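Each chain gets a letter, A, B and so on, in the order the sequences are listed, and its residues count up from 1. Being a predicted model, the structure only gives us computed values, none of them experimental.
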There are 2 protein chains.
Amino acid sequence: MTQPVAERAYDHTKSLILSGGFAGGELLSEVTIADELGISRTPVHEAFLRLEGEKLLSLAPRRGAAVVPMAPDEARDVLEMREAIECSTARRALGAGALPSAVLAEMAANVDRQRELAAAGDEERFVELDSAFHAILIRASRNATALFFHELLRDRQHRLRHQLLQVGPQEVAGALAEHELMLAAAQRGDADELCRLISGHVRRHRGIL
Amino acid sequence: MTQPVAERAYDHTKSLILSGGFAGGELLSEVTIADELGISRTPVHEAFLRLEGEKLLSLAPRRGAAVVPMAPDEARDVLEMREAIECSTARRALGAGALPSAVLAEMAANVDRQRELAAAGDEERFVELDSAFHAILIRASRNATALFFHELLRDRQHRLRHQLLQVGPQEVAGALAEHELMLAAAQRGDADELCRLISGHVRRHRGIL
DNA sequence: TGACCGTAGCTTGCATGCAAGCATGAGTTC
DNA sequence: GAACTCATGCTTGCATGCAAGCTACGGTCA
């Protein structure tokens, strides 16, 4: 129940960065964050180190921690990696034959909830499900490294989204339609088509960003 | 010149893990490593956190740090990701037209040195250059995220290599030949062929592992 | 005016101390 | 003999203190 304070420091700082309040270059101070949370510098320092490992912070010895600025083509980079990884894992997941019915059921259930949220206009929760939907396929490929990378990409995309764009109803509708097509392709076991859909899906994001 | 002790702790621990002495599950103690290096627990603790972020250590609160065991198909996972990422970045690097001549020159120079090391039978240094060769192409695509991922993959492959196989003269000769073909394809600007070569190259590794 | 120097205040790096969680084994009870 | 309890020694989590590097600024000197 009691969350370790180091974890709180990590979550807090990470959400500060991902929420898009910082364009990049801003210096975060350990003491500031420690005071905000009412804890000592040590766990904050640890959080900073973890975030540096994720390339979200850049630590300058005895100078401070700078929020890594988003490179001008960070969106392109991230989406390119998503395309490469998701397409590769989808091929593998489908390559061995049909997907397990449990996986297909999970995807279908996810799409159902997407439909509800889209109808309700809850964009925030929709993007969470969007991310989870893609993660299902990756998990089905049983490639732990791919899943690890996907989480890192998700964070970066999160930041891009808050920084650069508002997701509106039409983006949601478009994404939903494409997810439905992807589900259908997965059910048919059509890896080529699924891969094509993923590419289009991701590239459309890129058009938006 | 004076390397921070936290950095030494990180390097030391990481090389312990990557060198293959641990099959996985072994508990590393902060105090043990701190004593080995003659430093206090704090920087060791920080190193452990960073390594947990790279999924090389698994920290159990107040119990210890366990070396993450290599999954039975870790080799497959890692090489699958390498194929996906390298192929994607190669296409992008070549997609915009011919590679800058500086990049081609760097690749050629690298291959030349590979040839020397292969002739000298220096396998250890050869694999370093091997890795650097692949990194050149990724760097040419100017995708920082891809480069980041490639470094993570390199570490894992490093560990796999020490754990599972000895690189012998014939593997070196085969890799060198394939690198030469890749260089030629890059010089011609033939992305499809380059991608095909990368796939074969990586899959041959997989046969070895 | 411009360059230089030193100091004050910031920052983090690291060592240390204390407390608390967790495992293990001895001792007890049934 | 089996289960249960508790104490001991292990581990890490976190706070704190001190030292050292970096920056900026005010003063001095040419």
Side-chain angles (χ1 to χ4, degrees), chain A residues 1-19 21-70 148, chain B residues 1-19 21-70 148:
Chain A
M1 192 64 217
T2 4
Q3 203 186 12
V5 301
E7 204 64 21
R8 284 202 298 148
Y10 174 75
D11 291 342
H12 179 76
T13 310
K14 187 164 180 173
S15 89
L16 273 185
I17 299 172
L18 295 189
S19 303
F22 304 96
E26 285 89 346
L27 287 177
L28 296 184
S29 158
E30 292 180 0
V31 284
T32 305
I33 296 197
D35 289 347
E36 278 174 20
L37 297 176
I39 61 183
S40 87
R41 274 176 42 226
T42 307
V44 179
H45 187 63
E46 293 172 354
F48 279 22
L49 285 169
R50 287 171 65 185
L51 291 167
E52 186 189 33
E54 299 178 24
K55 301 262 199 287
L56 293 175
L57 272 184
S58 160
L59 301 185
R62 290 178 211 276
R63 296 212 359 199
V67 178
V68 169
M70 285 196 309
F148 173 33
Chain B
M1 194 60 220
T2 4
Q3 203 186 11
V5 301
E7 204 64 21
R8 283 203 300 147
Y10 174 76
D11 291 342
H12 178 76
T13 311
K14 186 164 182 174
S15 89
L16 274 184
I17 299 172
L18 295 188
S19 303
F22 304 96
E26 284 88 347
L27 288 177
L28 296 184
S29 159
E30 293 180 359
V31 284
T32 306
I33 296 196
D35 289 348
E36 279 173 20
L37 297 176
I39 62 182
S40 88
R41 273 176 42 227
T42 306
V44 179
H45 187 62
E46 294 172 353
F48 279 22
L49 285 168
R50 287 172 65 184
L51 292 167
E52 187 189 33
E54 298 178 23
K55 301 261 200 286
L56 293 174
L57 271 184
S58 160
L59 301 185
R62 291 180 210 276
R63 296 210 1 199
V67 178
V68 169
M70 285 195 309
F148 173 33

Residues touching DNA chain C, which here means a heavy atom under 4.0 Å, drawn from residues 41-54 of chain A: A/R41, A/H45
Residue pair A/A65 / A/L59: nearest heavy atoms and the distance that separates them: CB-CD2, 3.3 Å
Summary of salt bridge (Lys or Arg N to Asp or Glu O under 4.0 Å) pairs that have at least one residue in residues 52-61 of chain A, sequence neighbours excluded: A/K14-A/E54
Between CD1 on residue B/I33 and NE2 on residue B/H12, distance to nearest 0.5 Å: 5.5 Å
Bend angle of the helix from C/dT1-D/dA30 to C/dC30-D/dG1, end axes from five pairs each (to 10°): 0°
Shortest non-hydrogen contact from A/A47 toward A/A6: CB-O, 4.4 Å
Evaluation steps, side-chain contact (heavy atoms from CB on, under 4.5 Å), between B/L57 and B/V67: CA-CA 5 Å; B/L57 271 184; B/V67 178; 4.2 Å; yes
Contacting residues from residues 55-68 of chain A, given that a heavy atom lies under 4.0 angstrom of DNA chain D: A/R62, A/R63
Pair A/L49-B/L49, side-chain contact (heavy atoms from CB on, under 4.5 Å): steps then yes or no: CA-CA 8 Å; A/L49 285 169; B/L49 285 168; 5.7 Å; no
A/L28 versus A/F22, closest heavy-atom pair with distance: CD2-CZ, 3.9 Å
Sugar-phosphate only, base, or nothing, as touched by B/L27 at under 4.0 Å among non-hydrogen atoms: nothing
By side chain to side chain donor-acceptor pair (under 3.5 Å) - contacts of B/T32 (at least two apart): B/S29
For chain A, the stretch of DNA chain D it reaches, first to last nucleotide, under 4.0 Å of its heavy atoms: D/dC14 to D/dT23
With A/E7 via side chain to side chain contact (heavy atoms under 4.5 Å, CB included) - residues at least two apart: A/Q3, A/P4, A/Y10, A/D11, A/R50
With sequence neighbours excluded, residues passing side chain to side chain contact (heavy atoms under 4.5 Å, CB included) with B/V5: B/R8, B/I39, B/P43
Contact summary for A/L27 and A/G64, nearest pair of heavy atoms: CD2-C, 4.3 Å
Pairs meeting criterion salt bridge (Lys or Arg N to Asp or Glu O under 4.0 Å) with involvement of residues 39-49 of chain A, two or more places apart: A/E30-A/R41
